[in-house]
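Down below is the structure, laid out as structure tokens.
Just the heavy atoms: all of them, side chains too, but no hydrogens, waters or symmetry mates, feed the values below.
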Amino acid sequence: MLPRIIPTVILWATCSHHVFGFTTVHQNGYCALYDECGKNPEVTNSLIPAIMPCESNTPARKLSGAYLALFKDVCPGLVTGDNSTYACCSNKQLKSMQKSFALSKVILNRCPSCAENFVNIYCQNICSPNQSTFINVTRTHPSTVIGKPELGVLEYKCYFRRQFAEESFNSCKNVRLPATGGYAIATMCGKYGAELCNSQRWLDFQGDISNGLAPLVIEFLLQDNNTEVGDGIVPHYSKVWSCSEGPGGVTENACTCQDCKESCPKIPSPEPLPDSFKIGTLDGYLIICVAIFLSFLLLFLIFLVIRRITKCHKKKEKAKELPQVTYASLSCSERLSARTNNAMAKSFQWWGTQMASYPKTVIGVSLVIVIVLSAGMFLIKLTTDPVELWSAPNSLARTEKDFHDSNFGPFFRTNQLIITAKKHPGYSYNSLFFGKLNFSGILSSEILLEMLDLQEKVQNIVVWSEKHQINVTLKDICYAPLNPSNPASTDCCVNSLMQYFQNSRTKFNMEVNQTLSGQKGTVGWRDHFLYCVNSPLSFKDITDLELSCMADYGAPVFPFLAVGGYKDGRYSKSEALILTFSLNNYPRTDPHYDFVMLWEKRYLEIIKEYKKNPKSNLTFGFMAERSLEDEINRTTAEDIPIFTISYVVIFIYIALALGEYSSCRRVLVDSKVTLGLGGILVVLGSVFASMGFFSYVGVPSSLIIVEVVPFLVLAVGADNIFIFILELQRDERRPGERREEHIGRVLGNVAPSMLLCSVSESLCFFLGALTKMPAVRTFALNAALAILLDFLLQISMFVALVSLDAKRQEGSRYDICCCIKTKAEKPKKKSKGILVPFMKKVYCPILLNPVSRVLVMVVFIFMFCAGIYFTMHCRVGLNQELSVPRDSYVLDYFDYLNRYFEVGVPTYFVTTSGYNFSSVDGINGICSSVGCDNNSMTQKIQYATEFPERSYLAIPASSWVDDYLDWLNPTGDCCRILLNGTFCSSTSTLPGCFRKCIKNSNSALRPTLEQFNQYLPIFLKDLPNLKCPKGGLGAYDNAVKLNNRGEIMATRFMAYHTPLKNSQEYTAALKSARELAANITETLRKVPGTDPDFRVFPYTITYVFYEQYLSIVEEGLFTLALCLVPTFAVCCILLGMDLRSGLINLITIIMIIVDTVGVMTLWGIDYNAISLINLVTAIGISVEFVSHLTRSFAISCKSSKVARAKEATIYMGSAVFAGVAMTNLPGIIVLAFANAQLIQIFFFRLNLTITLLGLVHGLIFLPVVLTYFGPGINQAVLLKKQEEENKAWNRQDSEKNAHSNPSFEEEETRPPK
């Protein structure tokens, strides 16, 4: 809690001894007031007894003995010597003043100059021997003192030199209240608060009996130096100590920078933020990207010119046949390539033949393996906690969060409404105290009382816990700072504007007629509200309403917790009301956690019902602590049908597209619905088996895996399925070749390409799992294993399914209903479909035209350079608004929060163990009061608040060390002990309770080690009150963690951020806070006795989510680079160390990734962990678009690069288009209808971008670039082809009736495998 303090309480003694009456003598040595004359009859409901001074036109009294000793203690500045000291105050007045000053010094002693000057004002007023020269009594009241008639003073005029008042005020105006981060002057200036306070208003408040503290009316009249009053009155002026010099000119007692601007060293302004990168006046990145584009373009044009010149110098010769190749002519790499290709082809051919020969056994064994692995999903641990998903357990933010929560408990739960009333017009109000002001429509009695109705309805929630068989109410779970052990309903921390009236309708509706400065008017709730927002720590306002500003639970309600949408402190124009219910946070295993969740659920139900009420005048944004998790779970459940439809669409496409339709009568025979379903089951089986395996080994899963991995594996799996099936459909079975051998031979041709892509992708994701982000790591692990298992199942279980399906089709049996047989004859000629003829006759001639190829290169080089430019402008982060669906009520709350909230989240500067707080050096390194280091911890935080646009800190840190020192100060009554050493509180009335805990000191007060450790636990449990507002209960009881030996193991100091509106500001605030904490750590480690491992770190609940954005760019580049390595290495190895093919593969994939990030910038997709997952996925999908085509080109034996590119595009490109693009696109488009914004943006938009860019790069750019820069004919492949051709011709020669071999002719027309 923020301490309940009103420094003006010190006036009780200082003013309670002023005398009244028409002062007849105004000369040095004479008094105007002397002694006490009983209670002031005009003061009612005073917080302390309002004792009048007596009127006295008598000479000042000479002091001696105990009287003089007491005077030296109370007013040392008026002492002139043991035999020459005179005063106008009695011994009784001195004792009252001593008690009163004890109250003020608790607050002001952190700046001794201010405390001394403040004391001096009232010592001069009450005790000055020349009192009559500047005080004139104007009203008196008859009184009897010990049977003797006297005149009690009701009012007097006090004449000060303006310079005296200004200097005194200036010494105090910046004194801080460590518990609140605010200024002490705010509580001493009434309705004006700290911002509008000046010397006149400051003194006027001291003499205003309506403040509940002043015992009589004092009219302070400030006179300029050249002004004369007359009648012997001389405006008072005496020495005022500047806050920067200290009382008596002792610089050691000068106030520190936090309490005195003059003491501040010159704080250098932060270095300006670097401007955006520019070259001259233009965007630097744009210039560089244009230069790169022109450079690439120039190099390409030079390449074309050289290529053309080279061709022109060659002799025109008739096209030659391909050269004859011998094994001896092969290079080492070509021999390696030959061995690799032959080994893979033979191995996969044998494997495929075996799988096709025993299909039922293979399917059975595969199913058993899949089921056994998938059974692990019963042990699955689904991670939904965002902290567990996005923050690594060993990350800095997580370790800091764990340290904070283990020592101080988790941050309390917030349930909040931000209320507006747009239909209510504004109005004017003429306040007796504040003048004519404009009020917004939200600040009307009708709206406020309706808000109170809603507030009470929520406070009275009773919900039954079926699990625990108990009724749960607010007091069972609420955050009660002043009574945490056994709170009543009024102890709960509920903040709203109505707390200025203690939630009482009676107090709110009160109105009184009051006269102020001769002006009469009606005073009501608006006057009290305006007073409280300017002086929220007041126990009593200055109106005749005499109401407190403190909440019913005992703490102040600061304006930013009650209203919002105001500018420059004009609270009457506030546009919103804020209603906050703070609850304790509990571990999920604690029964109270169930209570909190039930209460919040009922709270949300009530608010939603109330919002639907047509009679309500309120419009509001609201949320509970559980809201985000609820909304994420809701949208996940609602979007399951969308994902289901997406998978169904993909299944329908695969089932229909795999068919080879020859005639209408054989449609049911030629369709591949069963095979398509089998292919999808293979994909899903690999996903489930992967998730099950990792569940067995204890790796947690997440919804991202469920949503993304099946899409990824479908893209990979469907592509392989199409490549295999289309190749099988195009390939003619050779004479004498069994069906199983045919399937095995086709698998031997295509499986190396499948292996190339699958191994590349699997290694890509396994390497991607090296990232520190848990969600990315678990996704990468599951994806890697799923792709590997999918490949293994495709070359086993799916091959077996293909064998059974081929047998069915050969038997002319219907698909699905295989028991039904058709009489339609099998066509003699295989259908070529639509895609292959289109590619051959239309697409390739246009694409591979010489002009088209040049245009394609230029366009894609431009796209790449544009992608680089936009990549450099991609925003990093993830706004919290995107985590909930578009129709979520939480979006309204976020909107209201950004528009109306005037302060950001609290942030704690936490210290670990290893720092000696009890030593003098240790104290000085932390505190910010007198004697503290100018570069202390709290002082540095104060410096940071001077530059909120850079530090993102708005309010300085509260400091338990400073308040503990003030609490110990012997000039106050906070820390007292009995004669036996037992502590007695400031409210204790025991007769022996007069000894102070520590002795007074002329220098800065510092306790000994024993005193520090002895009294600290007492301070932390001491309830703040009017006599001792520095008690630590509520404000600091949970800010210091002590071990069993009383040693400090951890502490925290709370500050406030400025309002943070987006992910970028949250990230910048974290970075700035960490830089500040690191600087503080470095300084404190230099304090003698500090452990080298001691550190200070900042903590707030948001840091753990935004830490990733400090390093996500570097980590993302590292992860993507790791993923790209296998795409190059595997391609090179499996193609027999074909470096050129591997390099073209790599460059094309990089271009896809760069262009994808560029489109992200254009389409408003921020870069974050979800984007990174999709970019890693993009590499996997890009491998599918690129690697198959690259391999097909590399093993082609056509005579020219253009012919080889054409052949690869026609046959492999069509399979890639059908298998990857057309599999992904229908499913992705369905996601556009999802309700969740995350799915729309990061799965629909981003996956659509990845698929389309992969498609155009794979089927447009890659064929063209291969015609220019592709590798030459693979001599090993050519040798194999020539050997096969020779064998074929030899067979023909040996036959007597030689005839053309259809299979061979078909072999001539189709691409080599």
Compare every heavy atom of Val1183 with every heavy atom of Ser760, then report the nearest pair and how far apart it is.
CB-CG1, 4.2 Å
Any side-chain heavy atom of Ile1152 within less than 4.5 Å of one from Val1186?
yes
Could I get the full list of salt bridge (charged side-chain N to carboxylate O under 4.0 Å, His left out) partners for Arg739, not counting sequence neighbours?
Glu810
For residues 677-692, the side-chain hydrogen bond (donor to acceptor under 3.5 Å, both in side chains) pairs (sequence neighbours left out) are none
Hey, could you give me the NZ/CD1 distance between Lys672 and Ile721, rounded to the nearest 0.5 Å?
12.5 Å
Rounded at 0.5 Å granularity, tell me how far CD in Gln349 sits from CG in Asn342.
11.0 Å
Quick one: CD on Glu1207 to OG on Ser1196, what's the gap to the nearest 0.5 Å?
3.5 Å
How long is the gap from OH on Tyr696 to CG on Leu373, to the nearest 0.5 Å?
7.0 Å
Quick one: ring-ring contact (aromatic ring centres under 6.0 Å, His included) partners of Tyr653, sequence neighbours excluded?
Phe722
I need the Met691 CE to Ser701 OG distance, nearest 0.5 Å.
3.5 Å
I want to check something: taking the side chain as every heavy atom from C-beta on, are Val362 and Val799 in contact at a cut-off of under 4.5 Å?
no
Check: Phe1193 main-chain N/O paired with Arg1204 side-chain donor or acceptor under 3.5 Å
yes
Holding to side-chain contact (heavy atoms from CB on, under 4.5 Å), I want the full list of residues that pass it with Ser347, two or more places apart in sequence or in another chain.
none
Taking only residues two or more places apart in sequence, or in another chain, which ones meet Arg777 in a side chain to side chain donor-acceptor pair (under 3.5 Å)?
none
Nearest-0.5 Å distance, OG of residue Ser803 to CZ of residue Phe798
12.0 Å
Residues forming a side chain to side chain donor-acceptor pair (under 3.5 Å) with Glu1184, sequence neighbours excluded:
His1188
Would you check if Val836 and Leu726 make a side-chain contact, meaning some heavy-atom pair closer than 4.5 Å?
no
Identify the heavy atoms of Met797 and Ser366 that sit nearest to each other, and give their distance.
CB-OG, 3.6 Å
Closest heavy-atom pair, Leu763 versus Pro1126, reported as atoms and distance to 0.1 Å, is CB-CB, 3.5 Å
I would like to know whether His742 and Val746 meet side-chain contact (heavy atoms from CB on, under 4.5 Å); could you show each step before the answer?
CA-CA 6 Å; His742 181 213; Val746 172; 3.8 Å; yes
Which atom of Leu1122 lies closest to which atom of Leu770, heavy atoms considered
CD1-CD1, 3.6 Å
Indicate yes or no: at least one non-hydrogen side-chain atom of Trp351 is less than 4.5 angstrom from one of Ser796.
yes
In chain order, what residues pass the side-chain contact (heavy atoms from CB on, under 4.5 Å) check against Val1230, with sequence neighbours excluded?
Ile642, Ile645, Ser646, Val649
Pro1263: partners by side-chain contact (heavy atoms from CB on, under 4.5 Å), with sequence neighbours left out
Leu847, Leu848, Leu1189, Thr1209
Counterpart residues, side chain to side chain donor-acceptor pair (under 3.5 Å), relative to Asn1247 (two or more places apart):
Asn1174
Partner residues of Leu1124 under the side-chain contact (heavy atoms from CB on, under 4.5 Å) criterion, sequence neighbours left out:
Thr1127, Leu1146, Ile1149, Ile1150, Ile1179
Close side-chain approach of Leu747 and Met355, heavy atoms under 4.5 Å:
no
Beyond-backbone contact of Ile1210 with Tyr843, side-chain heavy atoms, under 4.5 angstrom:
no
Can you check side-chain contact (heavy atoms from CB on, under 4.5 Å) on Ser758 and Asp790, steps first, answer last?
CA-CA 9 Å; Ser758 299; Asp790 180 57; over 6 Å; no
Do Thr674 and Arg808 come close enough that some side-chain heavy atom pair is under 4.5 Å?
no
Is any side-chain heavy atom of Phe765 closer than 4.5 Å to one of Phe779?
yes
Please assess Leu1248 against Leu1225 for the test side-chain contact (heavy atoms from CB on, under 4.5 Å), listing each intermediate value before the final yes or no.
CA-CA 7 Å; Leu1248 181 64; Leu1225 286 175; 3.6 Å; yes
Can you name the side chain to side chain donor-acceptor pair (under 3.5 Å) partners of Asn1145, sequence neighbours left out?
Ser1187, Thr1190
All heavy atoms of Pro359 vs all of Ala356, minimum pair found to be CD-O, 3.4 Å
Atom of Gly685, atom of Ser374 and distance for their closest heavy-atom approach
O-OG, 4.2 Å
Is there a side-chain contact (heavy atoms from CB on, under 4.5 Å) between Ile743 and Phe724? Walk through the geometry before answering.
CA-CA 9 Å; Ile743 293 172; Phe724 181 37; 3.9 Å; yes
